[in-house]
Chemist: 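Let me begin by handing over the structure; questions about it come next.
Everything numeric here is computed off the predicted structure, so don't read it as measured data. Numbers restart at 1 for each chain; the letters A, B, ... are given by sequence-line order, proteins then strands.
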There are 2 protein chains.
Amino acid sequence: MEIEKEIKQNKFKDEIHKLMINQLFTGKWITNLIAKQLKPFKLTNQQYNVLRILRGQGKNYISVNAISGRMIDKMSNVSRLIDKLVDKKLVVRKVNREDRRQADIAISQKGLDLVNSIEKTEPELKSNFNSLSEGEAKQLNMLLDKLRS
Amino acid sequence: MEIEKEIKQNKFKDEIHKLMINQLFTGKWITNLIAKQLKPFKLTNQQYNVLRILRGQGKNYISVNAISGRMIDKMSNVSRLIDKLVDKKLVVRKVNREDRRQADIAISQKGLDLVNSIEKTEPELKSNFNSLSEGEAKQLNMLLDKLRS
DNA sequence: ATACATTATTTGTATCTACATATATTTGCT
DNA sequence: AGCAAATATATGTAGATACAAATAATGTAT
């Protein structure tokens with residue numbers, strides 16, 4: 001649906017104003033789709049983001065700081081996210097020997113299994129994105145990068 | 001910056017996966033820009049969204065439900081948002097005479113003055129969006145609408 | 001070696017989000 | 001009229017967000 005109808009606003013001041021709102025709305029739309037995907041697994045979007053980052057490191061340990069730098073939402077409070085994941089035994093935390101300020105985190109086998117079973121549901125998530133061709137997706141990626149530049 | 005660098009991920013599974021993340025990241029980027037704009041006025045993004053919706057109605061009263069339907073984030077808890085705005089005397093709430101379940105809300109003069117003074121800072125916000133031409137902004141809007149369709 | 005700045009993480013607080021449930025009122029059916 | 005379903009809003013909760021401040025360990029300059 002056109003953004004005008006989604007939020008019942010028939011006119012925008014200008015194209016940039018419309019773009020801001022369209023962008024916010026679409027971001028929210030995707031966030032909600034992912035939240036729905038994760039709900040049966042009782043993970044939040046941010047927890048899943050952390051798990052995928054850790055899986056990307058194999059089973060190596062990386063610091064909280066390094067995780068923050070890789071997150072989509074840089075403002076997430078990674079300390080407390082990790083607390084939750086440790087409680088669920090999906091990740092392991094240990095103090096770094098060389099720098100005792102630093103907490104090093106790795107994904108556990110249980111965490112790995114969970115991420116892998118969530119990935120099996122990816123086709124359903126992807127099915128929401130069939131409306132764009134590969135070329136259009138590329139163009140959209142390019143324009144988004146340019147928007148922020 | 002390219003999304004790959006923003007989140008330190010050098011490769012995505014496919015263009016759609018990259019698009020999801022790029023979209024989430026860009027949405028967050030805009031959200032943060034607006035939050036920064038609003039900070040001196042001690043308003044949150046959602047409170048501002050409600051005030052602008054109400055201003056769009058002149059000083060007429062509209063229901064909580066009608067406000068929800070016009071919000072960018074449909075999942076906001078409008079009841080509690082309104083509570084905060086009533087506390088700040090930026091809006092007025094009254095019970096609808098014909099349907100006593102319904103709460104009708106309107107913006108106050110104080111609220112109107114606040115929105116108007118925030119609007120004076122729009123140029124600074126807009127300056128973050130100079131990288132796109134009018135045509136590119138239009139194309140981006142079109143692609144975003146198509147993405148959700 | 002000691003003091004000061006810097007860095008890494010954690011904690012505290014207020015607000016927001018998502019969702020389930022509760023309350024109050026109105027509508028529709030018989 | 002009387003009662004169940006629907007509607008409008010409010011409340012409860014667990015978790016997330018944004019930001020400030022606290023804690024702890026390390027680096028550095030003299």
Chemist: Hey, does the side-chain of B:Arg101 have a donor or acceptor N/O within less than 3.5 Å of a partner on the base of D:dT9?
Modeler: no

Chemist: Would you mind reading off the distance between A:Ile82 atom CD1 and C:dT9 atom P, rounded to a whole angstrom?
Modeler: 10 Å

Chemist: Starting at the 5' end of DNA chain C and moving along, which residue's nearest nucleotide shows up first, A:Val78 or B:Asn96?
Modeler: A:Val78

Chemist: To the nearest Å, how far apart are A:Lys39 NZ and C:dA18 C1'?
Modeler: 8 Å

Chemist: With the side chain of B:Asp83 defined as its heavy atoms from C-beta on, choose the nearest nucleotide among D:dT11, D:dA8, D:dA16.
Modeler: D:dT11

Chemist: Report the nucleotide, chosen from C:dC16, D:dA10, C:dT9, that has the shortest atom-to-atom distance to any side-chain atom of A:Gln102.
Modeler: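 Minimum distance to the A:Gln102 side chain belongs to C:dT9.
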
Chemist: Mind checking if B:Asp73 touches a base, just sugar-phosphate, or nothing, with heavy atoms under 4.0 Å?
Modeler: sugar-phosphate

Chemist: OP1 or OP2 of C:dC16 sitting under 4.0 Å from any side-chain N/O of B:Lys84?
Modeler: yes

Chemist: What's the CG-C1' distance between A:Leu81 and D:dA18, to the nearest Å?
Modeler: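 Spelled out: CG on A:Leu81 to C1' on D:dA18 is 13 Å.
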
Chemist: Tell me whether A:Lys11 at atom NZ has more than 12 heavy atoms from other residues, nucleotides or ligands lying less than 6.0 Å away.
Modeler: no

Chemist: Tell me whether the side-chain N/O atoms of A:Gln46 come closer than 4.0 Å to OP1 or OP2 in D:dT17.
Modeler: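 For A:Gln46, the contact criterion (side-chain N or O under 4.0 Å from OP1 or OP2 of D:dT17) is met.
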
Chemist: If only atom types and distance count, is the side chain of A:Gln47 paired as donor or acceptor with the main-chain N or O of A:Thr44 below 3.5 Å?
Modeler: yes

Chemist: Looking at the side chain of B:Arg80, which of D:dC19, D:dT11, C:dA20 is the nearest nucleotide?
Modeler: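 Nearest nucleotide to the side chain: D:dT11.
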
Chemist: Before you tell me yes or no, could you show the steps for B:Glu136 and A:Met142 under side-chain contact (heavy atoms from CB on, under 4.5 Å), namely the whole-Å CA-CA distance, both residues' side-chain angles and the distance that decides it to 0.1 Å?
Modeler: CA-CA 11 Å; B:Glu136 286 170 327; A:Met142 187 273 284; 5.8 Å; no

Chemist: Rounded to the nearest angstrom, tell me the gap between atom CZ in A:Arg100 and atom P in C:dT7.
Modeler: 21 Å

Chemist: May I ask you to say what B:Thr44 touches in the nucleic acid, namely base, sugar-phosphate or nothing, with a heavy-atom cut-off under 4.0 Å?
Modeler: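 B:Thr44: backbone/sugar contact only, no base atoms under 4.0 Å.
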
Chemist: For A:Asn45 and for A:Glu98, locate the closest nucleotide of DNA chain D by heavy-atom distance; then report the residue assigned to the nucleotide nearer the 5' terminus.
Modeler: A:Asn45

Chemist: C:dT15, OP1 or OP2 - any side-chain N/O from B:Gln47 closer than 4.0 Å?
Modeler: no

Chemist: Expressed as a whole number of angstroms, how long is the span from A:Arg97:CZ to D:dT26:P?
Modeler: 13 Å

Chemist: Tell me the interatomic distance from B:Asn65, atom CG, to D:dA10, atom C1', rounded to whole angstroms.
Modeler: 13 Å

Chemist: CD1 of A:Ile34 versus C1' of C:dA18: gap in Å, rounded?
Modeler: 15 Å

Chemist: Taking only the side-chain nitrogens and oxygens of A:Lys88, find out if one of them lies under 4.0 Å from OP1 or OP2 of D:dG15.
Modeler: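 False: A:Lys88 side-chain N/O out of range (4.0 Å or more) of D:dG15 OP1/OP2.
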
Chemist: When you check the phosphate oxygens OP1 and OP2 of D:dA8, does a side-chain N or O of B:Ser63 lie under 4.0 Å from one of them?
Modeler: no

Chemist: Using a 4.0 Å heavy-atom cut-off, does B:Asn32 contact any base of the nucleic acid, only the sugar-phosphate backbone, or nothing at all?
Modeler: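 Sugar-phosphate contact only.
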
Chemist: Can A:Gln46 and A:Asp73 be counted as having a side-chain donor-acceptor contact under 3.5 angstrom?
Modeler: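 The answer is no; no qualifying pair exists.
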
Chemist: At under 4.0 Å between heavy atoms, what does A:Lys28 touch on the DNA or RNA strands: base, sugar-phosphate, or nothing?
Modeler: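 Counting heavy atoms under 4.0 Å across all strands, the contact made by A:Lys28 is with sugar-phosphate only.
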
Chemist: Would you kindly give the CG-to-P distance between B:Asp99 and D:dT9, to the nearest whole Å?
Modeler: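 Taking CG of B:Asp99 and P of D:dT9, I get 8 Å after rounding.
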
Chemist: Inspect the contact between A:Glu6 and A:Lys28 and indicate whether a charged nitrogen and a carboxylate oxygen are less than 4.0 angstrom apart.
Modeler: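 So A:Lys28 does not pair with A:Glu6 through a salt bridge.
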
Chemist: Just to be sure I understand the rule, does B:Asn77 reach a base, reach only the sugar-phosphate, or reach nothing, if contact means heavy atoms closer than 4.0 Å?
Modeler: base

Chemist: Does this structure show an ion pair linking A:Glu119 with A:Arg52, if we count only N-O contacts that are shorter than 4.0 Å?
Modeler: yes

